Amino acid sequence: MEQVLVLIKPEGLQKAIVGDVFSQFVSSDLKLAGLKLVKASDQLAKAHYALLKDKFFYWQIVEYLTGKFHDGLPVVAMVFEGRGAIAKCRRIAGATNPEEAGPKSVRGKYGRITTKGLFENVVHVSSSTDEARREIALWFRKSELLQ
Ligand code: ADP
């Protein structure tokens, strides 16, 4: 069955919006297979964004994930499972650029572009089945996921 990694980035806890964001994903028909808080290390954030290392915003997104911009807070890491899980979760998240995201999507509701030009867009959602597999292995042990 298709799995997807969903992260609520550190501003979720800082802005106290984790409850609403979580409920938007969990009220889909997908099964929640994993859930935990993770204080992302520099190493984990770099590995997570390894494919974007040539982008001009790479260092900012690595620091963003580690909580550097949000009081050192952790990420809420989740795995959802089910038919079309990636497309469903990406629809709930909305477009990468929060200004282009639908008004009822998570990023449309809560995202912003910072004065330094970072898309502070609240959630990460894997973009393909290969990426989901790679990312889930970075964030979760097998024993932490429901079978
Ligand atoms: P997504 O998270 O929607 O899959 P990407 O993997 O392309 O998007 O980008 C990773 C993260 O980098 C985004 O979630 C966002 O926080 C940030 N980002 C992406 N594109 C830009 C950009 N053009 N300017 C600033 N930040 C960006």
Side-chain angles (χ1 to χ4, degrees), residues 1-28 30-140 145:
M1 193 51 85
E2 188 170 295
Q3 290 188 322
V4 59
L5 179 76
V6 177
L7 304 176
I8 306 179
K9 300 178 186 180
E11 81 260 37
L13 276 170
Q14 193 197 48
K15 292 178 174 170
I17 55 173
V18 165
D20 183 43
V21 174
F22 181 66
S23 80
Q24 295 206 35
F25 286 96
V26 96
S27 56
S28 67
L30 300 170
K31 172 181 150 188
L32 179 64
L35 170 67
K36 64 177 176 177
L37 281 179
V38 183
K39 174 79 178 73
S41 64
D42 199 49
Q43 190 188 2
L44 176 58
K46 282 182 186 158
H48 178 82
Y49 283 128
L51 301 180
L52 299 179
K53 67 177 184 307
D54 297 329
K55 300 282 185 187
F56 69 90
F57 51 82
Y58 172 71
W59 283 106
Q60 276 205 89
I61 57 177
V62 167
E63 293 183 339
Y64 176 19
L65 213 52
T66 65
K68 188 168 177 202
F69 307 139
H70 301 96
D71 302 333
L73 286 162
V75 160
V76 181
M78 299 167 275
V79 173
F80 286 93
E81 194 174 292
R83 191 186 296 265
I86 294 172
K88 283 178 184 166
C89 288
R90 287 187 74 87
R91 204 171 312 122
I92 293 166
T96 304
N97 179 341
E99 287 189 355
E100 290 170 1
K104 291 183 181 165
S105 68
V106 170
R107 288 164 165 177
K109 268 170 102 172
Y110 298 121
R112 65 170 189 152
I113 302 178
T114 68
T115 50
K116 289 187 175 153
L118 174 67
F119 295 174
E120 210 176 78
N121 57 7
V122 190
V123 286
H124 167 81
V125 180
S126 312
S127 58
S128 67
T129 50
D130 283 352
E131 269 302 279
R133 212 170 294 123
R134 187 187 74 82
E135 293 172 358
I136 290 167
L138 282 175
W139 290 84
F140 284 88
L145 298 174

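Counting starts at 1 for both ligands and their atoms, in listed order. All figures in this text were calculated on a predicted structure; none of them were measured in a lab.
The CZ atom of Phe119 sits 11.0 Å away from the CD1 atom of Ile61 when rounded to the nearest 0.5 Å. The distance from the CG atom of Leu65 to the NZ atom of Lys39 is 9.5 Å, given to the nearest 0.5 Å.
For the side-chain hydrogen bond (donor to acceptor under 3.5 Å, both in side chains) test, residues two or more places apart in sequence or in another chain that qualify with Lys36 are Glu144. Residues satisfying the side-chain hydrogen bond (donor to acceptor under 3.5 Å, both in side chains) test with Arg112, not counting sequence neighbours, are Glu120. Applying the side-chain hydrogen bond (donor to acceptor under 3.5 Å, both in side chains) test to Glu2 and every residue at least two apart in sequence or in another chain returns nothing.
Panel note: side chain Asn97, backbone Glu99; a donor-acceptor pair is recorded below 3.5 Å.
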For ligand 1, which of its N or O atoms have a protein N or O partner closer than 3.5 Å, and how long is each gap?
unit_1	atom_1	unit_2	atom_2	d
ligand 1	2 (O)	Arg107	NH2	3.3
ligand 1	3 (O)	Thr96	OG1	2.5
ligand 1	3 (O)	Arg107	NH1	3.2
ligand 1	3 (O)	Arg107	NH2	3.4
ligand 1	4 (O)	Arg90	NH1	3.4
ligand 1	14 (O)	Lys9	NZ	3.0
ligand 1	14 (O)	Asn121	OD1	3.4
ligand 1	14 (O)	Asn121	ND2	2.8
ligand 1	16 (O)	Lys9	NZ	3.3
ligand 1	16 (O)	Phe119	O	2.7
ligand 1	16 (O)	Asn121	OD1	3.4
ligand 1	26 (N)	Phe119	N	3.3

